[in-house]
Amino acid sequence: MNPIVIIGTGLAGYNTAKELRKLDRDTPLVIVAADSGHFYSKPMLSSAFASGKAPEQLAMNTPEQMAGQLAATVRPGTRVTAIDTAAHAVRIGEETLEYSKLVLALGADQIRLPIAGDAADSVLTVNDLGDYSCFRAALEGKRTVAIIGAGLIGCEFANDLTAGGCSVHVIDVAPQPLSRLLTPEGGEMLRGKLADIGVTWHLGTSVAGVDRDGTGMRVALANGESFATDVVLSAIGLRPKLDLAKAAGLAVNRGIVVDRQLQTSAPDVFALGDCAEVCGLLLPFVMPIMNAARALGATLAGKPTPVTYPAMPVLVKTPACPTIVSPPAAGAEGKWEVVRDAGSCKALFRSPDGRLLGFALNGTATAERAALAKELPPVLAS
Ligand SMILES: Cc1cc2nc3c(=O)[nH]c(=O)nc-3n(C[C@H](O)[C@H](O)[C@H](O)COP(=O)(O)OP(=O)(O)OC[C@H]3O[C@@H](n4cnc5c(N)ncnc54)[C@H](O)[C@@H]3O)c2cc1C
């Protein structure tokens, strides 16, 4: 019997395997990953510095330990080069590995801006443990970090690195941090609280170039300003990994297109996590992955199960300004109601008939998260 093959040892790949094994200990399972195959919590990458955690301390299990726990063959450092859906097989260079069912848990790539300057190739991104080790090595003995992008990951790194003693600059074309998730009032509160701990903001402008400057670098901004830095980290967003799926002829849009059962356009091929677009939704967060893994584990075990998503607020790890967001669905009709005081900002997005469709909470307003989440509609109802 051909094994179930999972490509990817991130939260999506390993959690699908865990959910499958709760229901089925026997079907042969092979998990293949281009990276080191360590089990780790990716969200910790943007909160480990201030707590003094070294990159190697973030790995919770080795691939060998995962293989034992999951009764699986785990093959780290193994890149799948092609998928042949007609032959029910994946290619690993010259090798062919046949599957009964295939799960694509390929993740996403950090988007890289084309940046001018002779140090542009030194701009780092962090989207896995390997990247993070390189980033921490680059930071060794250094102090100043420029972060391109004031989204979720950029703001979290800004808070963590500043709390850990770095001098941090953040650059974003938007006039506020978290511009897609917070109202201007909430963005202003987050900006102010991070400025209070030492973050220097360069908002409403972009990076014109990064050049070598002595032992460090100099970042030139489109507004004509410039500053010296030791390290530049780009965090401007993620793009689902689509190459394998595209080359195999699977339907792709912004992500690999899957239905409620996480089935791609090819029989016996499924996708979830940061690479997948589930019923039109790209949700690169942990909670959607956990829900999808549960449903897919059951489907792989022979009980076809559609994924459901409850409301899934995201906690932004900026302790200087506690922030929780649950954005309304794209295109939802309604408007924001905002109440701001010195210690909080509470923004509620309500439909014309008064139903709560989303929220963005900062400061002490985050205490209302659980009560408000109960009022929200599910993201994908059963
Ligand atoms: C710094 C940071 C902080 C975050 N914080 C939060 C947070 O606080 N809350 C939250 O909800 N979300 C957070 N996220 C998002 C969340 O961590 C991700 O949504 C999630 O970890 C993605 O898991 P994944 O398994 O889909 O992808 P990944 O973890 O990227 O795994 C992809 C896997 O596919 C493998 N792979 C890819 N291509 C191939 C190939 N051709 N052959 C073999 N293997 C291949 C890779 O090697 C890897 O093992 C954060 C993300 C980052 C980067």
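Remember, it's 1-based here, ligands and their atoms both numbered in the order they're listed. Bear in mind the structure is a predicted one, so any value in this text is a computation, not a measurement.
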Check: Quick one: are T16 and L300 in side-chain contact, heavy atoms under 4.5 Å?
Finding: yes
Margin query: Before we go on, tell me: are the rings of Y40 and Y14 under 6.0 Å apart, centre to centre?
Written below: no
Can you pull every nitrogen or oxygen pair between ligand 1 and the protein closer than 3.5 angstrom?
unit_1: ligand 1; atom_1: 5 (N); unit_2: K317; atom_2: NZ; d: 3.0
unit_1: ligand 1; atom_1: 8 (O); unit_2: K317; atom_2: NZ; d: 2.5
unit_1: ligand 1; atom_1: 11 (O); unit_2: V286; atom_2: N; d: 2.8
unit_1: ligand 1; atom_1: 19 (O); unit_2: D274; atom_2: OD1; d: 2.7
unit_1: ligand 1; atom_1: 19 (O); unit_2: D274; atom_2: OD2; d: 3.4
unit_1: ligand 1; atom_1: 19 (O); unit_2: P284; atom_2: O; d: 3.0
unit_1: ligand 1; atom_1: 19 (O); unit_2: F285; atom_2: N; d: 3.4
unit_1: ligand 1; atom_1: 25 (O); unit_2: L11; atom_2: N; d: 3.2
unit_1: ligand 1; atom_1: 25 (O); unit_2: A12; atom_2: N; d: 2.9
unit_1: ligand 1; atom_1: 26 (O); unit_2: D274; atom_2: N; d: 2.9
unit_1: ligand 1; atom_1: 29 (O); unit_2: K42; atom_2: NZ; d: 3.1
unit_1: ligand 1; atom_1: 30 (O); unit_2: K42; atom_2: NZ; d: 2.9
unit_1: ligand 1; atom_1: 34 (O); unit_2: A105; atom_2: O; d: 3.2
unit_1: ligand 1; atom_1: 34 (O); unit_2: L106; atom_2: O; d: 3.4
unit_1: ligand 1; atom_1: 41 (N); unit_2: V80; atom_2: O; d: 3.1
unit_1: ligand 1; atom_1: 42 (N); unit_2: V80; atom_2: N; d: 2.9
unit_1: ligand 1; atom_1: 44 (N); unit_2: A34; atom_2: N; d: 2.9
unit_1: ligand 1; atom_1: 47 (O); unit_2: A34; atom_2: N; d: 3.4
unit_1: ligand 1; atom_1: 47 (O); unit_2: D35; atom_2: N; d: 3.1
unit_1: ligand 1; atom_1: 47 (O); unit_2: D35; atom_2: OD2; d: 3.4
unit_1: ligand 1; atom_1: 49 (O); unit_2: T9; atom_2: N; d: 3.0
unit_1: ligand 1; atom_1: 49 (O); unit_2: T9; atom_2: OG1; d: 3.2
unit_1: ligand 1; atom_1: 49 (O); unit_2: D35; atom_2: OD1; d: 3.4
unit_1: ligand 1; atom_1: 49 (O); unit_2: D35; atom_2: OD2; d: 2.9

Notebook entry, point to check: Is atom CZ of R239 surrounded by more than 12 heavy atoms (other residues, nucleotides or ligands) closer than 6.0 Å?
Noted result: no
Notebook entry, point to check: Among all residues two or more places apart in sequence or in another chain, which pass the side chain to side chain contact (heavy atoms under 4.5 Å, CB included) test with K246?
Noted result: L242, V252
Checklist line | Residues forming a side-chain hydrogen bond (donor to acceptor under 3.5 Å, both in side chains) with R75, sequence neighbours excluded | finding: E95
Item checked: side chain to side chain contact (heavy atoms under 4.5 Å, CB included) against N127, all qualifying residues, sequence neighbours excluded -> K42, Q110, D131, L238
